[in-house]
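Comments concern the structure below.
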Amino acid sequence: MTDQAIINEVGLRDGLQNQPVTVDTATKAKLAQLLVDAGMRYLEPVSFVSPKAIPQMADAAALTPLLPQGNDLHYTALIPNLKGYQLARDAGYPTVGLVLSTTDSFNERNLRMSLEQAAQSCEAIIAAAKADGIATRTYISGAFACPYDGPVPVTLPQKLSERMFAAGSDEVAIADTIGAGNPQQMKDIMAPLIQEFGAEKFYVHLHDTRGLAAAMAWAAADLGVRRFDASLGGLGGCPFAPGATGNMATEDLVYLLESAGLKTGIDVQGLREAVALAAEATQQPLGGRILGWMESQEKQGKTPRIG
């Protein structure tokens, strides 16, 4: 197992998509620069979706050319359907994220498709992406529980993951979209998949609705997973998943992994400015638990150390 972990920052997309206060394009670009300055190298800044459905993402095409550039920067665009894929492709994104929820109810509200229709749509997009030389990451959304139908059996996200790999998806992300899972479920879902496909093929995407995101992240890391989504300051929420709160805070995930000896290349001190700007832009208090601890240390005249 490698000691290098990858954190994919989804705050600009998942973090902002459900916020009631509109964040302008220039502020999003500034947030992206602050995140890159802090060491972030993987970001999901946009989704190409209907602006009527998710107004915060209406500027996806306008934001894209304003993002920081560099050979070591990796950008993903989330897409719901073939039209979204075509927009992301034309905008130059090298990787796209597809969404496949575990139930008919969730797919119908999120994509206006049944589970089978959504799976077939993902398969068609994966085929198109392969032909275009674009990488794909398929999110198995609601992998632990559906916001409408409740808990799902562990075999369901496993079977959907297997189907997406068979279709040619480069990666699969196991997503606790409403923060309803627990560490044992993480192990039950992931262990057989890792044995079959390898840990390097997986991301985990966690919301901290019930306070277990850190425990679940570590359960995944203990299995060998080294790719994680997170959102600065704990921003997040899904407009199609009632009750979903923010993602695991990026700064908390960095601290968790670094303190356990894994390397992220991300400076928590550097993230503080980005979190402050996000809080100002969204007009709400933000920040993971580690930021409160850091402030406490500084008030005592101490220098907080991470890792």
Stepwise side-chain hydrogen bond (donor to acceptor under 3.5 Å, both in side chains) check, H205 with N247: CA-CA 8 Å; H205 176 101; N247 295 69; 3.3 Å; yes

Nearest heavy atoms of [X] and [Y], plus distance in Å:
{"X": "A230", "Y": "I7", "answer": "CB-CG2, 4.0 Å"}
{"X": "V152", "Y": "G142", "answer": "CG2-O, 3.8 Å"}
{"X": "E123", "Y": "A167", "answer": "CG-CB, 3.7 Å"}
{"X": "L100", "Y": "C122", "answer": "CB-SG, 4.0 Å"}
{"X": "I194", "Y": "A199", "answer": "CG2-N, 3.8 Å"}
{"X": "T22", "Y": "Q56", "answer": "CA-NE2, 3.6 Å"}

side-chain contact (heavy atoms from CB on, under 4.5 Å) evaluation trace for R137 with L98: CA-CA 6 Å; R137 179 184 313 132; L98 293 70; over 6 Å; no

[Y] versus [X], side-chain donor and acceptor atoms under 3.5 Å:
{"X": "T76", "Y": "T95", "value": "no"}
{"X": "R89", "Y": "Q86", "value": "no"}
{"X": "D14", "Y": "S231", "value": "no"}

Donor-acceptor contact present, side-chain [X] to main-chain [Y], <3.5 Å:
{"X": "Q69", "Y": "L67", "answer": "yes"}
{"X": "S161", "Y": "P157", "answer": "yes"}
{"X": "E108", "Y": "M113", "answer": "no"}
{"X": "E273", "Y": "L34", "answer": "no"}
{"X": "N182", "Y": "Q184", "answer": "yes"}
{"X": "D170", "Y": "T136", "answer": "yes"}
{"X": "T282", "Y": "A278", "answer": "yes"}
{"X": "R41", "Y": "V36", "answer": "yes"}
{"X": "N107", "Y": "S101", "answer": "yes"}
{"X": "Q4", "Y": "K263", "answer": "yes"}

Crowding at NZ, K130 (>12 non-hydrogen neighbours, <6.0 Å): yes

Q300, CD: over 12 other non-hydrogen atoms inside 6.0 angstrom: yes

Any [X] side-chain heavy atom under 4.5 Å of [Y] side chain:
{"X": "P68", "Y": "L73", "value": "yes"}
{"X": "L277", "Y": "K30", "value": "yes"}
{"X": "W218", "Y": "P183", "value": "no"}

E251 side, atom CD; L271 side, atom CG - distance, nearest 0.5 Å: 6.0 Å

Under 4.0 Å between a Lys/Arg side-chain N and an Asp/Glu carboxylate O for [X] and [Y]?
{"X": "E116", "Y": "R163", "answer": "yes"}
{"X": "E171", "Y": "R227", "answer": "yes"}
{"X": "D59", "Y": "K28", "answer": "yes"}
{"X": "R272", "Y": "E298", "answer": "yes"}

Test of ring centre spacing under 6.0 Å for F228 and Y203: no

Aromatic centroids of Y85 and Y93 separated by under 6.0 Å: no

ILVMFWY network linking [X] to [Y], side-chain heavy atoms under 4.5 angstrom:
{"X": "M186", "Y": "L156", "value": "yes"}
{"X": "M248", "Y": "I174", "value": "yes"}
{"X": "L253", "Y": "L232", "value": "yes"}
{"X": "L78", "Y": "L160", "value": "no"}
{"X": "I134", "Y": "F48", "value": "yes"}

From CA spacing to verdict: side-chain contact (heavy atoms from CB on, under 4.5 Å), V204, D229: CA-CA 6 Å; V204 294; D229 283 354; over 6 Å; no

D188 vs Q185, side-chain hydrogen bond (donor to acceptor under 3.5 Å, both in side chains): CA-CA, chis, key distance, verdict: CA-CA 5 Å; D188 291 344; Q185 282 178 293; over 6 Å; no

side-chain contact (heavy atoms from CB on, under 4.5 Å) between R109 and Y148, worked out: CA-CA 10 Å; R109 286 166 173 80; Y148 305 98; 2.7 Å; yes

side-chain contact (heavy atoms from CB on, under 4.5 Å) evaluation trace for I189 with F144: CA-CA 9 Å; I189 291 172; F144 299 82; 3.7 Å; yes

Working for side-chain hydrogen bond (donor to acceptor under 3.5 Å, both in side chains), residues Q284 and Q19: CA-CA 10 Å; Q284 64 170 300; Q19 299 303 314; 2.4 Å; yes

Derivation and outcome, side-chain hydrogen bond (donor to acceptor under 3.5 Å, both in side chains), residues E9 and T250: CA-CA 7 Å; E9 175 60 54; T250 304; 2.6 Å; yes

